[in-house]
2 protein chains.
Amino acid sequence: MGASIQDVAERAGVSIATVSRTFTLPDKVLPETRKKVLEAARELDYTISRSASALKSGKSSRIAFLTGGELDSWYDSHVLAGLNSILHDEGYDIPLYAVSDVQERHAFFSDMSIKRNADAVMVVSFQISHTEADKLATTGIPLLGINTEPIPEFSATVGIDETSSMELVVNHLFNQGHRSIAYVCLDPDTESFKWNGRARLQAFLSSCSKLGDQVEPTVIHAPKDETRADYALSQLSRMNRPPTAVICMNDEYALPLIFCMQRSGWMVPRDMSVVGFDDSTYAREIGLTTIHQDPYEMGRSAATTLLGLLAGQEPSESVRIQPSFLAVRSTTAPPEH
Amino acid sequence: MGASIQDVAERAGVSIATVSRTFTLPDKVLPETRKKVLEAARELDYTISRSASALKSGKSSRIAFLTGGELDSWYDSHVLAGLNSILHDEGYDIPLYAVSDVQERHAFFSDMSIKRNADAVMVVSFQISHTEADKLATTGIPLLGINTEPIPEFSATVGIDETSSMELVVNHLFNQGHRSIAYVCLDPDTESFKWNGRARLQAFLSSCSKLGDQVEPTVIHAPKDETRADYALSQLSRMNRPPTAVICMNDEYALPLIFCMQRSGWMVPRDMSVVGFDDSTYAREIGLTTIHQDPYEMGRSAATTLLGLLAGQEPSESVRIQPSFLAVRSTTAPPEH
DNA sequence: TTGAAAGCGGTACCAC
DNA sequence: GTGGTACCGCTTTCAA
């Protein structure tokens, strides 16, 4: 159906080698010849075949995107958009490996269909084990982490500083006078493959302990489903000395919790301060105090780093900390005594 | 680096043809032989090369995903997740063609890099022109629409019934006693390539006119950016006889509008009823009355249809209407006189 | 059932 | 600067 390089060569009266060069190394072709070829190509509506050039050149032109769970989170889909905004134009596809249960996870790392079929792997928000990372490393292709633990197997990692971000939050609340703070999150051990679940929890505990005995931390493991806000609220209510502030693992926990509180007659921040993480959809409009970060830019940053790596450059820094800051808005206030 | 089909053949003591068959047509290989091959493959950590098989078989194993604007909308990213949940396992990649300005749009349809490099095109939420559709049709590959106008060039279209969904909304408000209703949307002619912008606006106007002179419709074109809610509210405020209800083109307009109203001291639904479209993130938690639809399922539905098409089946129905319904919650109520 | 062999459509090396 | 050509790794007749 479509014209091949042969057809173009004949029409332009040159060899296929020249046609190939015209597209891949235009400088090595006489402007005049190039013009002829380009014209012939246009007339025949010729497009280069990805599979053919991939086969011959030995590069798959695919960057695997590995993530835990369906690609439905605000964070991951923005990372993807950012990656694609750069990699697409460079000729890369981004196959999506969304492993959402242990079987899929095991399958991914055992058949390793990625081998020879990807030029790099982006590990996104995924709590990868060392065995798994080792397995990936045997491919010899660059491994990049976005929103993951910076492990030695990765050529580079892009993310925010979880520890200092959480410290910003805890200190903000502490400075407002809060002395009992709850952290609401998924149970990182059972409910999810996401890395930041674990990292943020640890950061919360360490931030509190830095303040010594002055702050009493509580951890509430909420379920993943729609009942998470109700569950968290009921847990808070039944404590005999409830905290005065709640930090949520992300906005997707914080916002429903706020709505739920309002329906139950609690005033935010009067009765309870609430902080989120991410500064995602509606956070600004609602006035949520939250940690701001930009996953789209992280995707772009990772893509740029990767392109350098693929071009043979050494990564200038193996861990790239992206900016994040505490957006103080109207869901936090000093506690009423 | 990686083992090739040659290596496996040698190790298993068979020809490469047999190795190939073992993976693509296992039934045509003696169980005994198959076992040998599979074992050799495992020992060598062999994975089939996608580019090689793509080249030889003439199929690209790519399904192009064409959408207007960055892939950051709730709707589009859920469609993608749904598509990928089926197509990935079938061995398809889904390259993302996100055209967000006129240049990119023009480039996409003029270089047609998709030609010979995609087995099908998914047109998602995109207001495609007839010229463009014709151009795509010259590739001869299946064209599917998701959340698009059902045009003859498409083999199939998946979406909700925009007209009847909007009628559900308008009639709900009418039955509550609303007689002056505003519709808030992007200006479909200038601000976006998204199809439903146009379709919903038309549906709004026709739904109102079906009720004759009894309902007075107003259309407010709001900007795309963060000021959209403020802008819409200011437009509403300056009307000398403001409507009693507002329908928004989607939840991403409705929710900020509600927050904005609350900040300005308006009570929803007492002072103004608000309806959204999509039933997306937080809509349920906030109690937004909205049209519910499931883009993830639409993606899966379209993927299934496509696989049938690719397997040579005729599509059973060229337009597939996915279920949608009005979720009546707490942002609509009879108007106070 | 299995093997031999002819490509699929490019790329890149080597002459000229 | 351009052309000839040997592959890249697989799929798929066609014979055996």
Side-chain angles (χ1 to χ4, degrees), chain A residues 1-38 40-41 44-62 91 93 113-119 139, chain B residues 1-38 40-41 44-62 91 93 112-119 139 310:
Chain A
M1 31 184 271
S4 85
I5 200 169
Q6 275 285 4
D7 307 316
V8 179
E10 283 171 21
R11 179 159 194 120
V14 297
S15 73
I16 60 166
T18 301
V19 177
S20 179
R21 276 185 217 110
T22 305
F23 290 104
T24 54
L25 309 154
D27 308 327
K28 316 217 75 180
V29 173
L30 225 52
E32 199 180 314
T33 319
R34 198 192 309 154
K35 199 168 176 179
K36 272 196 306 188
V37 173
L38 256 20
L44 294 171
D45 222 12
Y46 169 73
T47 314
I48 215 165
S49 156
R50 291 177 61 93
S51 1
S53 54
L55 173 58
K56 179 57 196 178
S57 61
K59 331 191 74 285
S60 70
S61 293
R62 302 169 87 231
D93 287 347
S113 66
I114 249 173
K115 209 183 175 80
R116 292 204 310 163
N117 287 314
D119 299 336
T139 59
Chain B
M1 34 183 269
S4 84
I5 201 170
Q6 275 285 3
D7 307 316
V8 179
E10 282 169 23
R11 179 157 195 122
V14 297
S15 72
I16 62 167
T18 302
V19 176
S20 177
R21 278 185 213 109
T22 305
F23 289 104
T24 53
L25 310 154
D27 309 326
K28 316 216 76 183
V29 172
L30 225 51
E32 201 181 311
T33 320
R34 198 191 311 156
K35 199 168 174 178
K36 274 196 307 189
V37 173
L38 256 19
L44 294 171
D45 221 12
Y46 169 72
T47 313
I48 215 166
S49 155
R50 292 176 60 94
S51 3
S53 54
L55 173 58
K56 181 57 199 177
S57 61
K59 332 191 73 286
S60 70
S61 294
R62 301 170 88 232
D93 288 347
M112 287 289 282
S113 66
I114 249 173
K115 208 182 176 84
R116 295 204 308 165
N117 287 316
D119 299 337
T139 59
L310 257 16

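Chain letters run A, B, ... following the sequence lines, proteins first and then strands; every chain starts at 1. Values below: all heavy atoms of this structure, side chains included; hydrogens, waters and symmetry mates excluded.
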So what does [X] touch, heavy atoms closer than 4.0 Å: a base, only the sugar-phosphate, or nothing?
| X | value |
| --- | --- |
| A:V19 | nothing |
| B:T22 | nothing |
| A:S51 | nothing |
| A:I16 | base |
| A:T33 | sugar-phosphate |

Interatomic distance where [atom1] belongs to [X] and [atom2] belongs to [N] [whole Å]:
| X | N | atom1 | atom2 | value |
| --- | --- | --- | --- | --- |
| B:R21 | D:dC14 | CZ | P | 14 Å |
| A:K59 | D:dG9 | NZ | P | 14 Å |
| A:L25 | D:dG3 | CG | P | 15 Å |
| A:N117 | D:dC8 | CG | P | 17 Å |
| A:E32 | D:dG1 | CD | C1' | 11 Å |
| A:F23 | C:dT11 | CZ | P | 10 Å |
| A:D7 | C:dG9 | CG | P | 9 Å |
| A:I48 | C:dA12 | CD1 | P | 10 Å |

Is a donor on one side and an acceptor on the other found under 3.5 Å between the side chain of [X] and the backbone of [Y]?
| X | Y | result |
| --- | --- | --- |
| B:D93 | B:R62 | no |
| B:T22 | B:T18 | yes |
| B:D7 | B:A40 | no |
| B:D45 | B:A3 | no |

Both B:G13 and A:A17 contact DNA chain C. Which one's nearest nucleotide lies toward the 5' end? B:G13

Result for 5'-nearest mapping on DNA chain C, choosing between B:L55 and B:K28, is B:K28

Checking C:dT2, C:dG10, D:dG1 against the side chain of A:Y46 (C-beta onward), the nearest is C:dG10

D:dC10, C:dG9, D:dT2: which one has an atom nearest the side-chain heavy atoms of A:S4? C:dG9

Does a side-chain N or O of [X] approach OP1 or OP2 of [N] to a distance below 4.0 Å, or not?
| X | N | value |
| --- | --- | --- |
| A:S49 | C:dG9 | no |
| A:R116 | D:dC10 | yes |
| A:S15 | D:dG3 | yes |
| B:S20 | D:dT11 | yes |
| A:T18 | D:dG3 | yes |

When you compare the side chain of B:R50 with that of A:S113, does any pair of heavy atoms fall below 4.5 Å? no

Measuring only between side-chain heavy atoms, which start at C-beta, is A:V14 closer than 4.5 Å to A:V37? yes

Ignoring hydrogens and angles, are the base of D:dG9 and the side chain of B:K56 linked by a donor-acceptor pair under 3.5 Å? no

Do the side chain of A:R50 and the base of C:dG10 come within less than 3.5 angstrom through a donor-acceptor pair of N or O atoms? no

